[in-house]
Number of protein chains: 2
Amino acid sequence: MKKKETITIYDVAREANVSMATVSRVVNGNPNVKPATRKKVLEVIRNLGYRPNAVARGLASKKTTTVGVVIPDISNAFYAEVARGIEDIATMYNYNIILSNSDLRQERELRLIETLMEKQVDGLLFLGGTITPAHQEIFAASSVPVVLVATEDLEKKLPFVHIDQKEASKEAVMVLLAEGHKKVGYISNPNEDMVQGVPRLEGYKQALRETGMEYDDSIVRYGDNGYRSGYQAMQELLKAEPEMTAVACASDEMAVGALHALQDADKKVPEAFSVIGFHNIPLASQVRPLLSTVSYPMYDVGAVSMRLLTKYMLHEEIEAEQVWLPFSLELRNSTNLKQWPE
Amino acid sequence: MKKKETITIYDVAREANVSMATVSRVVNGNPNVKPATRKKVLEVIRNLGYRPNAVARGLASKKTTTVGVVIPDISNAFYAEVARGIEDIATMYNYNIILSNSDLRQERELRLIETLMEKQVDGLLFLGGTITPAHQEIFAASSVPVVLVATEDLEKKLPFVHIDQKEASKEAVMVLLAEGHKKVGYISNPNEDMVQGVPRLEGYKQALRETGMEYDDSIVRYGDNGYRSGYQAMQELLKAEPEMTAVACASDEMAVGALHALQDADKKVPEAFSVIGFHNIPLASQVRPLLSTVSYPMYDVGAVSMRLLTKYMLHEEIEAEQVWLPFSLELRNSTNLKQWPE
DNA sequence: CTGTTAGCGCGTTCAC
DNA sequence: GTGAACGCGCTAACAG
């Protein structure tokens, strides 16, 4: 690779017979420049192939137009879609994104946040994990705005964008109950997951309660959100309760795994067994039968989070520091009910 | 958010009764510091909660430990997995990643590259698109190393990491041919796609040729790599050639779309019809029947690219500027052949 | 409308 | 081992 000598704002100034300040002005679109000199400067810039150094600019202005994004796993369909929403809005507001995977490991999360702060990001988007006191502390010590994406802190102190998971989960289970199933199993997220797992399981319990049914933990299993775990959980559930005729799952991958376990056990879906998932990732509409699921506005959660962050960074007025986005039910072919009964 | 007054290297120096130079040395692990003063400095750093400013450091050292990644679409399963490989290795070498989506639009690609250069990334990873003369030019003018990921420039001038797609495609089609199918359709990538589409289609043609069969473009369709387009293409193919009994697809999504079109047309897969895909994304093993496909080492392509880039950035010795990674055939249940016949 | 002048926070010689 | 001083490239008052 060649070793281009870097040409600076000073070179442009000299060549154009103006001061650095003037060059800086035209580069930054400051209107206080006579059209003639602006034209001249622009020309020199083109000729010299001048390209402003964002690092120097960042040091001088204390703004990097870069935001940090801590994400559990970019290769996960759910997070990838959220990330897309983030990036699109970031681009719209002229920000770039530093993306890093945490795998939900707290120690990594904290280190990443630290690194991003050192890089002087103008703001931070934190996706996924549980917010511990350690997180609180580092966020509080931070001089830049932070928005939680698809998660919340339990005390609801920090800004966040999310859906009401308990309610969403409850409605999904309600669909199954409305179909008249008497034994409805549940395949949960990992049980140490306070943010996703607990509220969704709670929604399941509440649906049962409201329908006058008993919660029975012998027909609940905990998966790791992946396909395989859904498959296995379903096999166990079938063994544990042969009378079962429906299952709600806390992720679409697990739901599809369950679907296949049922097919392998010669249970027809949805004729003999109903299945409902959570998230509505593309997979849900790429299997047969098409999976009924809770439609989680993944892209929007990302987009709205990023937009909220820009408001903080640009000191715009904030109407709501914490936003609950609506979700909906996508009733397809793994359930019988096709419309929500009001 | 609070307005923490930034504490700098100077503050640490004053507080520890040493010079800035010394603080800089301990922060950067320079051995030329007496253990006692090192200890002292470290202590002050902790007390003050000093956090080095990477922007200032970048300006002074002309290194940002950040690399730019231009990617077509992070919400696409294939690219997301490649990105994960990139990020993991980047982390390992202490680099951060600025990620931006190009949607394969050339104008956006060029602008992104420009922006990343301005941000003084230490290196650039370019995924996906076709390398035009405009790309060549901007890369050539760049002062930082560039590695092409999962693509190549036609003149093979730039470093890249990829697989031999023509060969991979040929082998996939060979599987179908070896099963004895006489009419093997093909669902291609968009036909303007020089990097993916053309070589894979070429592989299809070559397989036919080597088997003494005629290429017939009436049984070839062009999709957009998505599920829907695969579904539609398959329907058209069935209409165009009712005798068809097998189809090769240039992406797994399209293959699964085809699979479902076949099921909807009452064609049993693999008994009456064989289907093979390309990439081996998770979806391929989350549908029934399990999809046979070309296993593309997505994660590895990302990881190896990033590793290669670090070699350039760190001025390590480069054994190969262009690396072809091996691929393999993942023969599952959408084809009958379970082993490659040698 | 334009130029001068300070820094921004840190790495890096070069002396001591 | 340690410190003083310069400079990285640019923005931001402030003057004029």
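Residue numbers start from 1 in every chain, and the chains themselves are labelled A, B, ... in the order their sequence lines are given, proteins ahead of strands.
- Ring geometry for A:Tyr296 versus A:His162: interplanar angle of 30 to 60°, hence tilted.
- Judged by distance alone, the side chain of B:Arg84 and the main-chain N or O of B:Tyr299 form no donor-acceptor pair under 3.5 Å.
- Within 4.0 Å of B:Val18, counting heavy atoms only, lie sugar-phosphate atoms of the nucleic acid but no base atom.
- At whole-Å resolution of the value, CD1 in A:Ile9 and P in D:dC8 are 14 Å apart.
- B:Lys34 places its NZ atom 9 Å from the C1' atom of D:dT2, with the value rounded to the nearest Å.
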I'd like to know whether B:Glu155 forms a salt bridge (Lys or Arg N to Asp or Glu O under 4.0 Å) with B:Lys157, so could you lay out the CA-CA distance, the side-chain angles of the two residues, the decisive distance to 0.1 Å, and finally the verdict.
CA-CA 5 Å; B:Glu155 304 83 21; B:Lys157 293 291 192 193; over 6 Å; no
Step by step, would you call A:Lys119 with B:Thr66 a side chain to side chain donor-acceptor pair (under 3.5 Å)?
CA-CA 10 Å; A:Lys119 296 231 169 171; B:Thr66 300; 2.8 Å; yes
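- Rounding to the nearest 0.5 Å places CG of A:Leu309 at 11.5 Å from OH of A:Tyr93.
- Look at CG on A:Asn32: it is 15 Å from P on D:dT11, rounded to the nearest Å.
- OP1 or OP2 of D:dA4 has not a single side-chain nitrogen or oxygen of B:Ser19 nearer than 4.0 Å.
- For the atom pair OG1 of A:Thr310 and CG of A:Asp122, the computed distance is 11.5 Å after rounding to the nearest 0.5 Å.
- Residue pairs meeting the ring pair (Phe, Tyr, Trp, His ring centres under 6.0 Å) criterion with at least one member in residues 31-53 of chain B: none, sequence neighbours excluded.
- One atom, CD1 of A:Ile7, and another, C1' of D:dC8, lie 15 Å apart when rounded to the nearest Å.
- Contacts between residues 39-59 of chain B and DNA chain D, defined by a heavy-atom separation under 4.0 Å, are made by B:Leu59.
- Applying the salt bridge (charged side-chain N to carboxylate O under 4.0 Å, His left out) test between B:Lys311 and each of B:Glu319, B:Glu317, B:Glu316 identifies B:Glu319 as the sole match.
- As judged by a 4.0 angstrom heavy-atom cut-off over every strand, A:Asp11 is placed among residues making no nucleic acid contact.
- One interatomic measurement links the two molecules: CE of A:Met20 to P of D:dC8, which rounds to 11 Å at whole-angstrom precision.
- Heavy-atom distances to DNA chain D give each of B:Thr37 and A:Val27 a nearest nucleotide, and the one nearer the 5′ end belongs to B:Thr37.
- Atom NZ in B:Lys63 sits about 13 Å away from atom P in D:dG9, given to the nearest Å.
- At a threshold of 4.0 angstrom between heavy atoms, the contacts of B:Ser24 include nucleobase atoms, whether or not backbone atoms are also involved.
- Other residues, nucleotides and ligands contribute more than 12 heavy atoms inside 6.0 Å of the CD atom of A:Glu114.
- Where DNA chain C meets chain B (any atom under 4.0 Å from a heavy atom), the bounding nucleotides read 5' to 3' are C:dG9 to C:dT12.
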